[in-house]
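Below: one structure, written as structure tokens.
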2 protein chains.
Amino acid sequence: MTVIFSKKCEYGLQAILYIATHTMGKAVPAEKISQALKIPREFVSKILQDLKASGLVGSVKGKAGGFFLGKEPSQIKLIDIVEAIDGLEMFNSCVLGFPECTPDAPCPVHNKWGILRDQAYQMLKAETLDQLKERTLNKISKL
Amino acid sequence: MTVIFSKKCEYGLQAILYIATHTMGKAVPAEKISQALKIPREFVSKILQDLKASGLVGSVKGKAGGFFLGKEPSQIKLIDIVEAIDGLEMFNSCVLGFPECTPDAPCPVHNKWGILRDQAYQMLKAETLDQLKERTLNKISKL
DNA sequence: CTTTAACCAGACAATTTTATCTGATTTTCA
DNA sequence: TGAAAATCAGATAAAATTGTCTGGTTAAAG
């Protein structure tokens, strides 16, 4: 199946967006994220631990514990989450999978694809959690 | 890892492009494609059998057998190959993975992403094997 | 008519991704 | 202090993807 982001990455993006919109000073437990987004609890927990290693989220143990944003929402870009989970290879490798595809010896779709890929990259780099949060609160109440 | 097309799909695209550029009236055996593109022989063979089911390639058994294009190069679009192998779901599903993402209740990146996705789709739909063949012969000799 | 080179079908195996389980530790709060 | 609610680490399992193997069939060519 064709895919843009891995499940892990999708879940990570969903989860951090959920945290951004639901942390009201308090930490958000994995259990709550799991139920709201229908992601297996242990799985989302693992992903958030990965994001913690990248400093994008923080956590507190114990009762009333959970996860919170590791930085200001305005300082967290979508590309940061993608990079932390899936890496940036897709923005740097040939869409047809030719290992030898270079600007000098480009694959037949190199240029056209390159433009789209750069636009996608720029979008993910421009979007920050605070922008998404606002858009989310305006439009999807269930989030 | 983030990816656009599955390996199967990448291999399929590479293989059919190879056939387009190397069939000189004759069928191209899987063994040759395998060696040229460094794809496991049995694997590329399987993929070509899938593409045969979609009518994109044909084959002849026996000595001097192999694969050839099932239609005129000008009638084979990249999107056809992608559709045959990976399907078109990626052009119709939420990039963040929200099942409930719709135009009425869009996810926070719905519109921006939608534009890029449509452009990618249009590109794959516009590119035909004869165009790629020409570009390939001009630029990458080893193909 | 036998050898050879190929497709083809189906089973099998390895790897990666996705998901689950177990138990340890931490923290709150009654 | 003890129960409850949470993170966290590490092992395990299930599913999907990728890759390999075996043997059968087909067709060309000597």
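Letters go in sequence order (proteins before strands), and every chain restarts at 1.
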Look at the side-chain N and O atoms of [X] and state whether any lies under 4.0 Å from the OP1 or OP2 oxygen of [N].
{"X": "Gln49(B)", "N": "dC7(C)", "result": "no"}
{"X": "Ser59(B)", "N": "dC8(C)", "result": "yes"}
{"X": "Ser45(A)", "N": "dC8(D)", "result": "no"}

Roughly, in whole Å, what's the span from [atom1] in [X] to [atom2] in [N]?
{"X": "Asp86(A)", "N": "dT18(C)", "atom1": "CG", "atom2": "P", "result": "8 Å"}
{"X": "Asp50(A)", "N": "dC8(D)", "atom1": "CG", "atom2": "P", "result": "11 Å"}
{"X": "Ile47(A)", "N": "dC8(D)", "atom1": "CD1", "atom2": "P", "result": "14 Å"}
{"X": "Gln35(B)", "N": "dA5(C)", "atom1": "CD", "atom2": "P", "result": "13 Å"}
{"X": "Glu31(A)", "N": "dA4(D)", "atom1": "CD", "atom2": "C1'", "result": "14 Å"}
{"X": "Lys26(A)", "N": "dA5(D)", "atom1": "NZ", "atom2": "P", "result": "15 Å"}
{"X": "Leu51(A)", "N": "dC8(D)", "atom1": "CG", "atom2": "C1'", "result": "15 Å"}

Quiz item: What string of B, S and - do you get for nucleotides 16-26 of chain D, 5' to 3', when a contact is any protein heavy atom under 4.0 Å?
Solution: -SSBBB----B
Practice problem: Test salt bridge (charged side-chain N to carboxylate O under 4.0 Å, His left out) on Lys38(A) and Glu100(B) and set out the steps. | Solution: CA-CA 12 Å; Lys38(A) 300 194 179 68; Glu100(B) 70 273 16; over 6 Å; no
Quiz prompt | Side-chain heavy atoms of Leu37(A) within contact of Phe98(B), under 4.5 Å | solution =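 Counting from C-beta outward, Leu37(A) and Phe98(B) do come under 4.5 Å.
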Exercise. Determine the contact category for Lys52(B): base if any of its heavy atoms lies under 4.0 Å from a base atom, sugar-phosphate if only primed atoms, P, OP1 or OP2 are that close, otherwise nothing.
Key: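 Sugar-phosphate, backbone atoms only, no base.
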Quiz item: Which part of the nucleic acid, if any, lies within contact of Ala27(A), taking any heavy atom under 4.0 Å across all strands shown: a base, the sugar-phosphate backbone alone, or nothing?
Solution: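 No contact.
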Quiz item: Between Lys125(A) and Glu83(A), does at least one N-O distance fall below 4.0 Å, as a salt bridge requires?
Solution: no
Quiz item: Which pairs, with at least one residue in residues 59-74 of chain A and sequence neighbours excluded, count as a side chain to side chain donor-acceptor pair (under 3.5 Å)?
Solution: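 Listed once each, the pairs are Lys52(A)-Ser59(A).
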Practice problem: Kindly assign one of parallel, tilted or perpendicular to the pair Phe5(A) and Trp113(B), based on the angle between their ring planes and the thresholds 30° and 60°. | Solution: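 Rings of Phe5(A) and Trp113(B): tilted, 30 to 60°.
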Quiz prompt | Any donor-acceptor pair under 3.5 Å from Arg41(B) side chain to Ile33(B) backbone | solution =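 Here the side-chain-to-backbone pair does not exist.
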Quiz prompt | Partner set under side-chain hydrogen bond (donor to acceptor under 3.5 Å, both in side chains) for Lys26(B), not counting sequence neighbours | solution = none
